[in-house]
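Inspection log for the structure reproduced underneath, given as structure tokens.
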Amino acid sequence: MSVNVSMAAIPVAVSEFIRGPHKLLIDGKWVAAASNKTFSTHNPANGSLLAEIAAADAADVDLAVDAARRAFDDGPWSRMTPAARAKLIWRLADALETHADEFAFIETLDNGKPLNDAKIVDLPHSIEVLRYFAGWCTKLNGESISISNPGTWHAYTMREPVGVVGSITPWNAPLMMAVSKIAPALAAGCTVVLKPAEQTPLTTLRLGQLILDVGFPEGVVNILTGFGDTAGAAMTAHPGIDKVTFTGSTDVGRIIIRAAANDFKRVTLELGGKTPVIVFPDADIDRAIEGAARSIFSNAGQICNAGSRLYAHRDVFEKLVDGVSRRASEFRVGPGLAASTQMGPVVSQEQLDRISGFIASGQNQGAELRVGGGRIGSEGYFIQPTVLTGTRPDMDVVQQEIFGPVLCAMSYEEADLDRIAREANATSYGLGAVLWTQNLSTAHKMAKKLKAGTVRVNGGGLDPALPFGGFKQSGWGRELGREGIEAYTELKSVAMAL
Ligand code: NAP
Ligand code: MG
């Protein structure tokens, strides 16, 4: 990492926004926390203070939930036609597109990710998610049902919004996560109380400004910045919230299930992953190398479905590991604002320590460091893209989500699909799996055997139309796609004796 790298100039609108003040969005107004408390958010590229942010707690949660309840129970949102809701959500997408560059800068400063990634991944995806769900407003129908009870019947189902939704998001893709929660909720006719992660609140706050600018009625979206164990816990326990949707760690997911059990809140959870990347000997090896490297090093590995376990046939294993290790050492690590950067810092000192701890534990348990493993510099939270070999299924680095740029590479002996699937399935997670093969039959057979919410063959990325979520301890329910909006509805059956 050179100190002389040329950095993108921060637009004036961005520095002005970051300066603040940063308050809570409650009932269409920006207000200080009832306690007047604040916390700070930092730039992971150098640890410097970015801004002071209002710290919500239970008192603010009460106010935000009241506002969301009013907007839902008897407010304009529940009375608005689906077409009018669609228009507003589409308008938010347009506003986000107009300000896309500004958002990309804010995301890079707050989260650390390369500006280019924010521009070509986070922003376009967020905009498309809004447009995709805007389209669903007018298509959320029930069906007529033929029933066999004696008599003449008219029976049908209808989908109603579930009510007030409490959404809690993580720091790895803050804007994308915020949008993925609010777009389907709003499209279904719900109102929202949203808490972004304490590490990265800024793009969600800027989104709140756009939500007011484009004319959402007050109380429809409320934003509470603050901490999980105060604001987040108060949300999950609040009787005025009908559904909780959460993306983050499996441990916090478990806490949320317990909190929601009190009054049987609806719950959607997108939790951790340990995605296997399985390479068959017939694969296009160069593409598999590139795909495997991107899958684990993009966003510094801070992606729930990062391909963190590589399983390659012994005939191609060395070539793959060499290739991915070469890509790892070529990856340009640096500040997100530098044009040349391909991998930014991780989000925090805590995350850096956690990743370093995993690498050390892997080595202690017998893994070999093929490349990387170390911190880069002493300023900011930079870590080298890392490849471990000699890893065994029982090691912590193979079982647990590291959430960093660390790949565990393992080989298998024969192309026995059941055995490969058994090994690939042998973690508590089940979010994703990636296959590299040119053999259609192998691909289809493996897709059936894998316990994963998403199976990708020879590449692929997120798409708003493709449901996303996990088997096993990777979560409950699905986001995106039809299932993603249906998760914000209750299904009502109506039967009339004619
Ligand atoms: P986390 O604690 O699960 O944070 C996610 C969100 O949950 C944040 O908004 C957090 O608030 C909130 N939260 C924390 N405790 C809560 C509680 N008791 N009740 C309600 N909400 C609560 O994740 P993390 O500690 O930031 O990261 C730790 C690990 O989680 C990572 O290393 C990674 O393995 C995993 N993770 C997974 C994903 C994913 O996409 N699946 C995303 C992020 C992290 P605050 O942080 O603001 O206090
Ligand atoms: Mg946290």
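Order of appearance sets the numbers: ligands from 1, and atoms from 1 within every ligand. We number each residue from 1, following the sequence as shown. Because only heavy atoms are used, hydrogens play no part in the values below, and waters and symmetry mates are left out as well, while side chains stay in.
Shown in contact with I255 at under 4.0 Å from a heavy atom are these atoms of ligand 1, numbered in order with element: 18 (N). Of all atoms in ligand 1, numbered sequentially from 1 with element shown, those under 4.0 Å from a heavy atom of C304 are 39 (C), 40 (O), 41 (N). Heavy-atom contacts of G228 reach the following atoms of ligand 1: 11 (O), 12 (C), 13 (N), 14 (C), 15 (N), 16 (C), 17 (C), 18 (N), 19 (N), 20 (C), 21 (N), 22 (C), 45 (P), 47 (O), 48 (O) (cutoff under 4.0 Å). Using a 4.0 Å cut-off to heavy atoms of G232, the atoms of ligand 1 that qualify are 19 (N), 20 (C), 21 (N). Per-residue contacts place E198 under 4.0 angstrom from the following atoms of ligand 1 (heavy atoms of the residue considered): 45 (P), 46 (O), 47 (O), 48 (O). Atoms of ligand 1 found under 4.0 Å from any heavy atom of G226, numbered from 1 in the order shown, are 47 (O). The W171 neighbourhood of ligand 1 comprises atoms 24 (P), 26 (O), 27 (O), with distances under 4.0 Å to a heavy atom of that residue. Here is the list of ligand 1 atoms found below 4.0 Å of a heavy atom in I168: 6 (C), 7 (O), 9 (O), 12 (C), 20 (C), 21 (N).
Residue contacts with ligand 1, taken as heavy atom pairs separated by less than 4.0 Å, involve L271 solely via the backbone atoms N, CA, C and O. Residue contacts with ligand 1, taken as heavy atom pairs separated by less than 4.0 Å, do not involve Q302 at all. When non-hydrogen atoms are compared, ligand 1 lies under 4.0 Å from the backbone of T169 (N, CA, C, O) but not from its side chain.
Side-chain atoms of R375 come within 3.5 Å of backbone atoms of S378 as a donor-acceptor pair (strictly under, hydrogens ignored). Checked by atom type and distance alone, the side chain of S474 pairs as donor or acceptor with a backbone atom of G272 at under 3.5 Å. Judged by distance alone, with hydrogens and angles left aside, the side-chain atoms of E102 form no donor-acceptor pair with the main-chain N or O of V14 at under 3.5 Å. In this structure a side-chain-to-backbone donor-acceptor pair under 3.5 Å is present from D60 to A34. Here the side chain of K29 pairs a donor or acceptor atom with the backbone of D27 at under 3.5 angstrom. A donor-acceptor pair is defined here as one N or O able to donate and one able to accept, closer than 3.5 Å; such a pair exists between the side chain of D242 and the backbone of V164.
With rounding to the nearest 0.5 angstrom, the NE2 atom of H125 is 4.5 Å from the CG atom of L462.
K181 pairs with exactly one of T268, T169, T247, T204 by the side-chain hydrogen bond (donor to acceptor under 3.5 Å, both in side chains) rule, that one being T247.
Of the N or O atoms in T247, none lie within a sub-3.5 Å distance of an N or O in ligand 1. Not one N or O of D229 is nearer than 3.5 Å to an N or O of ligand 1, by distance alone. Residue-to-ligand polar distances keep T236 apart from ligand 1: every N/O pair is separated by 3.5 Å or more. Remark: ligand 1 and E350 share no N or O pair separated by less than 3.5 Å (distance only, no angle test).
For Q473 and R254, the side-chain atoms include at least one donor-acceptor pair closer than 3.5 Å.
Residues meeting the side-chain hydrogen bond (donor to acceptor under 3.5 Å, both in side chains) test with Q363, sequence neighbours left out: none.
Contact annotation: S474 has no heavy atom less than 4.0 Å from any atom of ligand 1. For Q199, the closest heavy-atom approach to ligand 1 falls below 4.0 Å.
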Counting only pairs under 3.5 Å, give me each side-chain donor-acceptor contact of residues 296-306, with atom names and distances, residues two or more places apart or in other chains.
| from | atom 1 | to | atom 2 | distance (Å) |
| --- | --- | --- | --- | --- |
| S298 | OG | R294 | O | 2.6 |
| N299 | OD1 | K113 | NZ | 3.3 |
| N299 | ND2 | N172 | O | 3.0 |
| N299 | ND2 | Q302 | O | 3.2 |
| Q302 | OE1 | V347 | N | 3.0 |
| Q302 | NE2 | N299 | O | 3.1 |

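For atom 34 (O) of ligand 1, the nearest non-hydrogen atom from the set M235, E401, Q351, E270 comes from E401. In the candidate list P170, G166, S348, P196, P170 is nearest to atom 43 (C) of ligand 1, counting heavy atoms.
Using cut-offs of 30° and 60° for the angle between ring planes, the W77 and F216 rings count as tilted.
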